Amino acid sequence: MGLKIGVVGSTGFASAFIPLYQAHPLVEEVAVAELIPERRQEIAERYNIRRTFSSLDELCKSDVDAIAIYTNRHLHGPHAIQALRAGKHVYCAVPMASSLEDIQTILEEVEQRDLIYMTGETSYYYPSAIYCRNRFKKGDFGKIVHAEAAYLHDMTHGFYDAYQHSDGVNWKKAAGLPPMYYPTHSVSMAISVTGTYATHVACLGYVDQHDDGVFKAGANYWDNPFSNQTALMRMADGSTMRINEFRRVGWIGVGERSVHMSLYGTLGSYEEQANAQGWTSLNSEDITDLTELLACSEAPIGDEHDYLHQYTRRDYYSCVSKVHPVHRLPDEFKGLRNGHAGSHQFLVDDFVKSVSAHKLPPNHAWNAAKYCAPGLVAHQSCLRGGEMLSIPDFGSPSAKWEYLNPDGEYSF
C-alpha cells in the first residue's frame with residue numbers, strides 16, 4: 001500500500017505540487033483540505049481528488065499518513081505542530097515558524113513521536129547550490145571565508161496578488177511580515193553548501209516609505225515598519241555571511257536570480273549576479289562562465305487556472321539545468337510541471353521517499369531550524385538598532401535517525 005498524503009491549502013503554490021504527489025509511485029492517494037468551499041470544489045475537480053476536508057482539524061482526524069502544509073506563512077508553525085501532534089508526518093512550505101518557541105516545539109514533537117518533518121526549501125535544489133555543493137565536497141573552495149545571499153523580491157512582483165488570494169480582506173496585515181521572518185531562501189543557499197550554521201547576528205532595516213500602508217507601525221500583525229532588512233552573521237565555521245531580504249527593490253534577475261548567492265573561499269569563489277554566474281580561483285586560468293551550465297530550460301508560463309502574477313509564474317514553471325540529478329527522479333515525473341529552478345520535483349521525491357523509508361531528508365527539521373532561526377533573531381536585532389545577538393543552537397538529529405542518501409546526492 002502506498003502513502004496517503006493530505007494537502008492543506010489550495011493556493012497556486014499547492015497546486016504546483018499536487019500533480020507530483022499524485023504521480024509518485026509510492027503515493028496511493030492525495031486528499032485536500034481547504035477552508036473556502038468554492039476553492040475546495042474547484043481543486044478537487046481539476047485534479048480528480050476523491051476526498052476533501054473543510055479544515056486542517058478534519059484532515060488531522062483522517063487516516064492520511066502525512067500532511068503537506070501550504071497555508072499562510074505566519075501560520076506554518078502552529079499548523080505543523082498540530083499535524084505532528086495528530087501523528088502525521090509533515091512537509092511544510094517555508095518558513096518553518098515565526099517564533100523560536102514553535103521551532104523548539106516542532107523539534108521536540110519530531111523527536112518524541114518519531115515522525116518525519118521536512119521544510120520545502122526550494123533553494124536547496126537551485127543549480128547554483130548543487131554546483132557549489134559538488135565543488136565544496138571536492139575541496140575546490142578551500143575554507144569558506146564569506147558568503148552573501150539575497151532574496152530580492154519587490155512587492156509588485158506577485159506579492160500583492162499572492163497575499164490578497166491567501167488572506168482576503170486582512171491581506172495587508174499578513175503582507176507586512178518582517179522580511180527576516182522569511183529568510184530561508186537566502187540562509188539556506190550558503191549553509192546547504194557548507195553545512196555550518198549561524199551563531200550571532202546583527203541586522204539593520206529600511207523603514208518603508210511606500211504609500212500602500214503595508215509596512216508600518218499598526219498596519220500589520222507584527223507592528224513592523226521595515227520593508228528591507230540586511231543581516232551580518234557570524235558562522236560556526238569562523239566565516240561570515242551577509243543576507244539581504246528586500247521587498248522594495250528595483251530588481252529583476254534572469255531566471256531565479258531573485259534568490260542568489262556568492263560564496264568566497266581561500267582557494268576558489270563562486271559569484272552570482274542578475275544575469276551571470278561564474279567561478280574564479282587563485283589560479284588565473286581557472287575562471288569559468290557558468291551561466292549556460294546553470295541555466296534552467298524554458299517551460300510554458302501558466303495556464304487558465306493561474307491567478308499568479310506573470311513574474312511569479314516564471315518561478316512556478318521553470319524546468320531543470322544541466323547539473324540537476326534528474327536520473328534519481330521517478331520516471332512518472334517526466335513531462336510534469338516543475339518550478340523554482342527545477343526544485344519542485346526533487347522536494348516531492350525527497351519527502352515521499354523519506355517517509356516511506358523513515359529516514360531523514362536533506363531539509364529535515366534540524367536543518368529547517370538552521371534556515372529559519374537566524375532571521376527571527378535578526379529581526380529582534382533590527383528592532384534594537386543593530387545590536388549583535390546570539391542565535392540559539394537547536395542541535396542535530398539524535399543517533400537514532402538514519403539519513404536518506406541515494407547515490408550520494410544528499411550532502412549534509
Side-chain angles (χ1 to χ4, degrees), residues 1-9 14 17-18 20-21 24-33 51 53 55-71 73 75-121 124 184 188 192 346-373 392-406 410 412:
M1 297 292 287
L3 297 176
K4 296 179 181 179
I5 295 179
V7 174
V8 57
F17 287 83
I18 289 172
L20 297 175
Y21 289 121
H24 202 287
L26 297 178
V27 174
E28 174 186 342
E29 179 193 8
V30 176
V32 168
R51 287 196 296 169
F53 300 87
S55 66
L56 175 59
D57 292 345
E58 283 192 6
L59 183 62
C60 285
K61 295 175 183 177
S62 75
D63 64 347
V64 298
D65 303 292
I67 292 178
I69 298 170
Y70 299 92
T71 54
R73 293 166 177 82
L75 299 177
H76 288 176
H79 286 173
I81 292 167
Q82 180 180 353
L84 290 167
R85 287 177 173 169
K88 313 299 183 183
H89 302 287
V90 170
Y91 175 104
C92 186
V94 297
M96 181 184 197
S98 294
S99 73
L100 297 174
E101 292 77 14
D102 279 355
I103 291 176
Q104 182 64 48
T105 300
I106 289 170
L107 293 174
E108 290 171 355
E109 295 293 333
V110 167
E111 185 70 20
Q112 293 170 10
R113 298 176 186 273
D114 205 26
L115 293 168
I116 298 295
Y117 172 99
M118 174 176 157
T119 190
E121 182 42 68
Y124 186 90
T184 67
S188 70
S192 73
F346 291 95
L347 293 172
V348 169
D349 190 50
D350 281 353
F351 182 63
V352 172
K353 287 179 178 175
S354 67
V355 171
S356 296
H358 204 77
K359 295 181 179 181
L360 293 179
N363 291 317
H364 56 68
W366 290 267
N367 282 338
K370 293 178 184 178
Y371 301 162
C372 187
D393 180 0
F394 289 99
S396 300
S398 67
K400 74 176 181 180
W401 291 101
E402 295 183 48
Y403 292 82
L404 197 65
N405 192 32
Y410 302 127
F412 84 109

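The figures here come from the full heavy-atom set of this structure, side chains too, leaving out hydrogens, waters and symmetry mates. In this text the structure is predicted, and so the values were computed from the model without any measurement.
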Can you tell me how far CG of Leu75 sits from CD1 of Ile69, rounded to the nearest 0.5 angstrom?
10.0 Å

Test item: Phe351 and Leu404 side chains (from C-beta on) under 4.5 Å apart, heavy atoms
no

For His364 and Tyr403, indicate whether the former's side chain and the latter's backbone hold a donor-acceptor pair under 3.5 Å.
no

Shortest non-hydrogen pair, Ala14 vs Gly9, comes out as CB-O, 3.4 Å

Note, Thr71 side chain near His76 side chain (heavy atom, < 4.5 Å):
yes

Report yes if the side chains of Asp57 and Gln82 come closer than 4.5 Å at any heavy-atom pair, otherwise no.
yes

Main chain of Asp63, side chain of Lys4: is a donor-acceptor contact present, judged purely on distance under 3.5 Å?
no

Start with the C-alpha gap between His89 and Asp65, add the side-chain angles, then the distance that decides, and say whether side-chain hydrogen bond (donor to acceptor under 3.5 Å, both in side chains) holds.
CA-CA 6 Å; His89 302 287; Asp65 303 292; over 6 Å; no

Nearest 0.5 Å please: distance from the OG1 atom of Thr119 over to the CH2 atom of Trp366.
13.5 Å

Using atom types as modelled and distance alone, determine if a side-chain donor or acceptor of Asp350 lies under 3.5 Å from a backbone N or O of Pro362.
no

Which atom pair, heavy atoms only, marks the closest approach of Ala66 to Lys88?
CA-CB, 4.4 Å

Please name the pair of heavy atoms, one in Val90 and one in Ala80, separated by the smallest distance, quoted to 0.1 Å.
CG2-O, 4.1 Å

Could you state the interatomic distance from CD (Glu108) to CZ (Arg113), rounded to the nearest 0.5 Å?
11.0 Å

Closest non-hydrogen contact found for Leu3 with Val352 is CD1-O, 3.8 Å

Nearest 0.5 angstrom please: Leu347 CG to Glu121 CD, how far?
8.0 Å

State, yes or no, whether a side-chain contact exists between Tyr371 and Asn363 at a heavy-atom distance under 4.5 Å.
yes

Where do Ser55 and Ala33 come nearest, in terms of heavy atoms and distance?
O-CB, 3.6 Å

Would you compute the distance between atom CD1 of Ile67 and atom SG of Cys92 and round it to the nearest 0.5 angstrom?
11.0 Å

Measuring only between side-chain heavy atoms, which start at C-beta, is Ile81 closer than 4.5 Å to Pro78?
no

Should Lys370 and Phe394 count as side-chain neighbours, where that means a heavy-atom distance under 4.5 Å?
no

Trace of the side chain to side chain contact (heavy atoms under 4.5 Å, CB included) decision for His358 with Asp114:
CA-CA 9 Å; His358 204 77; Asp114 205 26; 3.4 Å; yes

Roughly how far apart are Ile5 CD1 and Glu28 CD, rounded to 0.5 Å?
11.0 Å

Val64 side chain near Arg51 side chain, heavy-atom distance below 4.5 Å:
yes

According to the interplanar angle, ranging from 0 to 90°, do the rings of Tyr91 and Phe17 count as parallel (below 30°), tilted (30 to 60°) or perpendicular (above 60°)?
tilted

Tell me the closest heavy-atom pair linking Ser398 and Glu111, and the distance in Å.
OG-OE2, 2.6 Å

Between Phe53 and Lys61, is any pair of side-chain heavy atoms under 4.5 Å apart?
no

Quick one: does Lys353's side chain have a donor or acceptor within less than 3.5 Å of a partner on Leu26's backbone?
no

Is it the case that over 12 heavy atoms from other parts of the model lie below 6.0 angstrom from the CD atom of Glu402?
no

